[in-house]
Amino acid sequence: MIGNTWSYILYLYGLVIDSLIVCDNSDRLSASSVNRTEYMGQWYFLAAAAPSESRALETFKVMDNAEFRVQASTEQEKLVFIATVRVKDGSCVPRKWIYILTDGSTELRTEGHPDRTTELFSSKCSKCVILKETENNISRLLLYSRSPQLEEEFIEEFKEKASCEGYKEILEIPQTLDYCHMEK
């Protein structure tokens, strides 16, 4: 009898907690219907989140900072991402990849990575975008901003989104070194 009562109390406690934590899924954007020119230009990578002990953030742990430029491709359905990553040892690593936008799809595909899907999410921060990358057994959220510095309320919003996705590991990119110079 005590066991049943205890189970009932824990169940009610769970319902109360679930009702207090509201995860809004309406912030997902359709990749094929976004205004592509709105995303062109300079971006800074500020944070990432993933499930605990998933190793999904290992790639980012060596970074001090990263600056991206999004530009149009000669092909309408593609966006080119060019990045310079400042590694904690001070070196600069250039990166380039191409996102493919498919009409009617809510996701982006990455050229050369057929198993990777990327979803876009809106944010209360008008100069931010949140991406969710999924590839094989790896899933992570990425926060980008037009500015290298972001107000704490928007970092907290990202952390709440991560929590709603079930991601417990949060990595804020340190940004202690100068940014690398991007090639034009």
Side-chain angles (χ1 to χ4, degrees), residues 3 6-34 39 43-66 68 70 79 81 83 85 88 95 97 99-102 104-175:
W6 186 244
S7 295
Y8 183 71
I9 290 171
L10 286 175
Y11 173 76
L12 288 176
Y13 175 76
L15 288 176
V16 170
I17 294 300
D18 284 347
S19 69
L20 295 175
I21 301 172
V22 178
C23 294
D24 182 11
N25 290 324
S26 66
D27 57 349
R28 185 172 167 182
L29 301 172
S30 173
S32 63
S33 64
V34 296
Y39 293 96
W43 291 89
Y44 297 90
F45 177 45
L46 301 183
S52 297
E53 302 176 21
S54 72
R55 301 183 47 83
L57 303 183
E58 291 301 313
T59 304
F60 308 125
K61 289 181 178 179
V62 298
M63 288 184 180
D64 179 78
N65 62 60
F68 294 78
V70 179
L79 288 175
F81 279 57
V85 176
K88 289 179 180 177
R95 291 280 184 250
W97 63 98
Y99 279 121
I100 303 166
L101 301 128
T102 306
S105 175
T106 59
E107 342 175 292
L108 300 167
R109 295 286 179 172
T110 307
E111 194 171 82
H113 297 272
D115 295 330
R116 183 181 298 167
T117 59
T118 303
E119 299 171 84
L120 298 168
F121 293 90
S122 64
S123 170
K124 292 175 187 165
C125 171
S126 62
K127 59 185 177 185
C128 301
V129 67
I130 298 172
L131 303 181
K132 180 180 180 182
E133 283 187 345
T134 307
E135 183 174 18
N136 301 322
N137 293 329
I138 293 178
S139 181
R140 57 191 172 209
L141 282 182
L142 309 170
L143 174 63
Y144 294 89
S145 172
R146 293 286 189 183
S147 168
Q149 303 302 318
L150 199 56
E151 293 83 359
E152 189 59 34
E153 69 181 286
F154 300 126
I155 298 290
E156 287 305 313
E157 177 193 15
F158 175 75
K159 289 178 180 178
E160 288 172 18
K161 175 71 177 161
S163 179
C164 286
E165 294 286 334
Y167 298 164
K168 304 293 184 218
E169 186 177 357
I170 308 284
L171 175 67
E172 291 186 50
I173 306 304
Q175 303 183 77

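Numbers here simply count residues along the sequence, with the first being 1. These numbers come from the heavy atoms of this one structure, side chains and all, not from hydrogens, waters or symmetry mates.
The neighbour count for Asp115 CG, taken as heavy atoms of other residues, nucleotides or ligands under 6.0 Å away, is above 12. The number of heavy-atom neighbours closer than 6.0 Å to CZ of Arg95, taken from other residues, nucleotides and ligands shown, is 12 or below.
Using modelled atom types, no side-chain atom of Arg140 and backbone atom of Ala49 make a donor-acceptor pair closer than 3.5 Å.
The two residues Met63 and Thr59 make their nearest non-hydrogen contact at CG-O, 4.4 Å. Here the shortest heavy-atom pairing between Leu143 and Cys128 reads CD1-CB, 4.2 Å. Closest non-hydrogen pair, Asn65 versus Ile173, comes out as CA-CG2, 3.7 Å. Minimum interatomic distance between Ser139 and Ala50 (heavy atoms only, all atoms of both residues): O-CB, 3.7 Å. Listed here is the closest heavy atom pair of Ala47 and Phe158: CB-CE2, 3.8 Å. Among all heavy-atom pairs drawn from Leu46 and Ser145, the shortest one is CD1-CB, 3.5 Å.
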*Criterion side chain to side chain donor-acceptor pair (under 3.5 Å) on Glu157 and Ser123, from CA distance to verdict*: CA-CA 8 Å; Glu157 177 193 15; Ser123 170; 2.8 Å; yes

*Could you walk me through whether Leu150 and Lys127 pass the side-chain contact (heavy atoms from CB on, under 4.5 Å) test, one step at a time?*
CA-CA 9 Å; Leu150 199 56; Lys127 59 185 177 185; 3.9 Å; yes

*Where do Leu79 and Leu101 land on the side-chain contact (heavy atoms from CB on, under 4.5 Å) test, with the steps shown first?*
CA-CA 8 Å; Leu79 288 175; Leu101 301 128; 3.7 Å; yes

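Ring pair Trp97/Tyr99 is perpendicular by interplanar angle, where above 60° counts as perpendicular and below 30° as parallel. Using the six-membered ring where Trp is involved, Phe68 and Tyr144 have ring planes that are perpendicular, over 60° apart on the 30 and 60° scheme.
No side-chain heavy atom of Ser126 sits less than 4.5 Å from a side-chain heavy atom of Arg146. Glu135 has its side chain within reach of His113: a pair of non-hydrogen atoms, C-beta onward, lies under 4.5 Å apart. Side-chain contact between Gln175 and Gln149 is present, with heavy atoms from C-beta onward closer than 4.5 Å. Side-chain atoms of Thr117 and Arg109, non-hydrogen and from C-beta on, do get closer than 4.5 Å to each other.
In this structure, Lys168 NZ and Glu53 CD are separated by 13.0 Å, a value rounded to the nearest 0.5 Å. Atom CD1 in Ile130 sits 10.0 Å away from atom CG in Leu142 (nearest 0.5 Å). Remark: Glu107 CD to Thr118 OG1 distance equals 8.5 Å, nearest 0.5 Å. In this structure, CH2 on Trp43 lies 8.5 Å from CZ on Phe81, to the nearest 0.5 angstrom. To the nearest 0.5 Å, atoms CG (Leu131) and CG (Leu141) are separated by 9.0 Å. Note: Tyr39 OH to Leu120 CG = 6.0 Å, rounded to the nearest 0.5 Å.
Side-chain contact annotation: Tyr167 with Ser54, donor-acceptor N/O pair under 3.5 Å absent.
Taking the ring axis of Phe121 as reference, the NZ or CZ atom of Lys161 stays within 45° of it and closer than 6.0 Å to the ring centre.
For Glu156, the salt bridge (Lys or Arg N to Asp or Glu O under 4.0 Å) test picks out Lys159, with sequence neighbours left out.
A salt bridge does not link Arg55 to Glu169: none of the charged nitrogens lies less than 4.0 Å from a carboxylate oxygen.
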